[in-house]
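Nothing here was measured: the structure is a model prediction, and the numbers come from that model.
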Amino acid sequence: MIKTVNLTKIFSTRDVDTHALNGVDFSVEDGEFIAIMGPSGCGKSTLLNILGMLDQPSGGDYYFAGENVALYNEKKRSHLRKQKIGFIFQNFNLIDELTVFENVELPLLYLRQTQKERHEKVLQVLEQLEMLHRKNHFPLQLSGGQQQRVAISRAVVANPSMILADEPTGNLDSSKGEDVMNLLTSLNEKGTTIIMVTHSQRDAEFSNRIINLFDGKIVNERF
C-alpha cells in the first residue's frame, strides 16, 4: 500500500537545521496494523503527518498505491487524503459547536455526498460504535471515551483504506483505552490498514508489527 525510500524532513530556522526524519525506508502492506514507537522528538508525529499527506518530505520518495505522492502539490494531496485516509488524533479534534452527528458527517460533506448518503452512513457508523444515542449531543457533553468514539466514527465514516492514529489512547484511562484498541483491532480485521503512533507498549502489542524510531531513523522492527 505504501512505501518510503530515503525519506527526510528538515525543519530550518535562521540558526539551525533540525533533521526530524533522516533516511526512513519502510513499507506497509494492505491490511497491516503497524505501531510506531520511540521517545519524544524522534520523528514519530512528523512521519505520520507525511504519511497522511498533511506535510511534504524534504527529500526522498513516498509511494501511496504505487504513486509517488511526495511530488504532489497540496491540491492533489488533499484530494487523495480525503478519499483514502482517516485520522484519529490524541486530542480528538472535534468541533465543539457541532453535534456528534455533524462532526461525523464532515468527511462526507468534503466528498460532496448527497444528504441521504450522508445520513445513512453517519447513523450506521454511530450505531456500530454505540454512539447513536448521543448523536444530538455536543462534544463537551461527552466523556473522554465517548469523544474518542466520535473521533473514530469520523475517521471511518468514509470507509478509508488507511487510518492514521496519533496516540489514540493518550487521554483515556486504561479501561477506555483498551476499548479504543479493541475497536481499532476490529476495523483492522475487516481490512482497514492502520498505522498508529504510541508511547504505550501495551497498545503496541495490538499491532502486527512494531517499528522503533530514534533520532529520525528506524532502529529496529519487531513482528
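- Between Ile10 and Ser58 the shortest heavy-atom distance is N-OG, 2.8 Å.
- Exactly one of Leu164, Asp166, Leu47 qualifies for a side-chain contact (heavy atoms from CB on, under 4.5 Å) with Ile36. That residue is Leu47.
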Item to complete: Could you go through the side-chain contact (heavy atoms from CB on, under 4.5 Å) check for Ile218 and Leu213 one step at a time?
Response: CA-CA 5 Å; Ile218 293 177; Leu213 283 182; 3.6 Å; yes
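- Here the closest heavy-atom approach between residue Asn103 and residue Ile95 is recorded as OD1-N, 2.8 Å.
- Of the listed residues (Met196, Gln201, His199), just one forms a side-chain contact (heavy atoms from CB on, under 4.5 Å) with Met37, and that residue is Gln201.
- Note on ring orientation: taking the six-membered ring where Trp is involved, the planes of Tyr62 and Phe64 are perpendicular (angle over 60°, cut-offs 30° and 60°).
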Worksheet item: Does the pair Ile2 and Thr4 meet the rule for a side-chain contact (heavy atoms from CB on, under 4.5 Å), with working shown?
Response: CA-CA 7 Å; Ile2 68 174; Thr4 70; 5.8 Å; no
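- In this structure, Arg81 pairs ionically with Glu74, as a charged nitrogen and a carboxylate oxygen lie closer than 4.0 Å.
- Grouping the Ile, Leu, Val, Met, Phe, Trp and Tyr side chains by contacts below 4.5 angstrom, directly or via other members, places Val125 with Leu142.
- A single hydrophobic cluster is seen to contain both Val156 and Leu123, as judged by linkage of ILVMFWY side chains at heavy-atom distances under 4.5 Å, directly or through other members.
- Electrostatic pairing of Arg222 and Glu205 counts as a salt bridge here, judged by a charged N lying under 4.0 Å from a carboxylate O.
- Under a hydrophobic clustering in which Ile, Leu, Val, Met, Phe, Trp and Tyr are joined whenever their side-chain heavy atoms come within less than 4.5 Å, directly or via other members, Leu51 and Leu21 fall into the same cluster.
- The two residues Ile88 and Pro168 make their nearest non-hydrogen contact at CG2-CB, 4.2 Å.
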Discussion item. With side-chain contact (heavy atoms from CB on, under 4.5 Å) as the criterion, how do Ser12 and Asp17 come out once you've worked through the C-alpha distance, each side chain's angles and the decisive distance to 0.1 Å?
Written reply: CA-CA 4 Å; Ser12 299; Asp17 290 339; 2.8 Å; yes
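- Among all heavy-atom pairs drawn from Leu94 and Val150, the shortest one is CD2-CG1, 3.8 Å.
- By the neighbour-count criterion of 12 heavy atoms within 6.0 Å, atom CD of Glu221 is densely surrounded, having more than that number from other residues, nucleotides or ligands.
- Residues Asp179 and Arg149 share a closest heavy-atom pair of CB-NH2, 4.0 Å.
- Residue Lys84 comes nearest to Pro160 through the heavy atom pair O-CB, 3.3 Å, listed as atom of the first residue, atom of the second, then distance.
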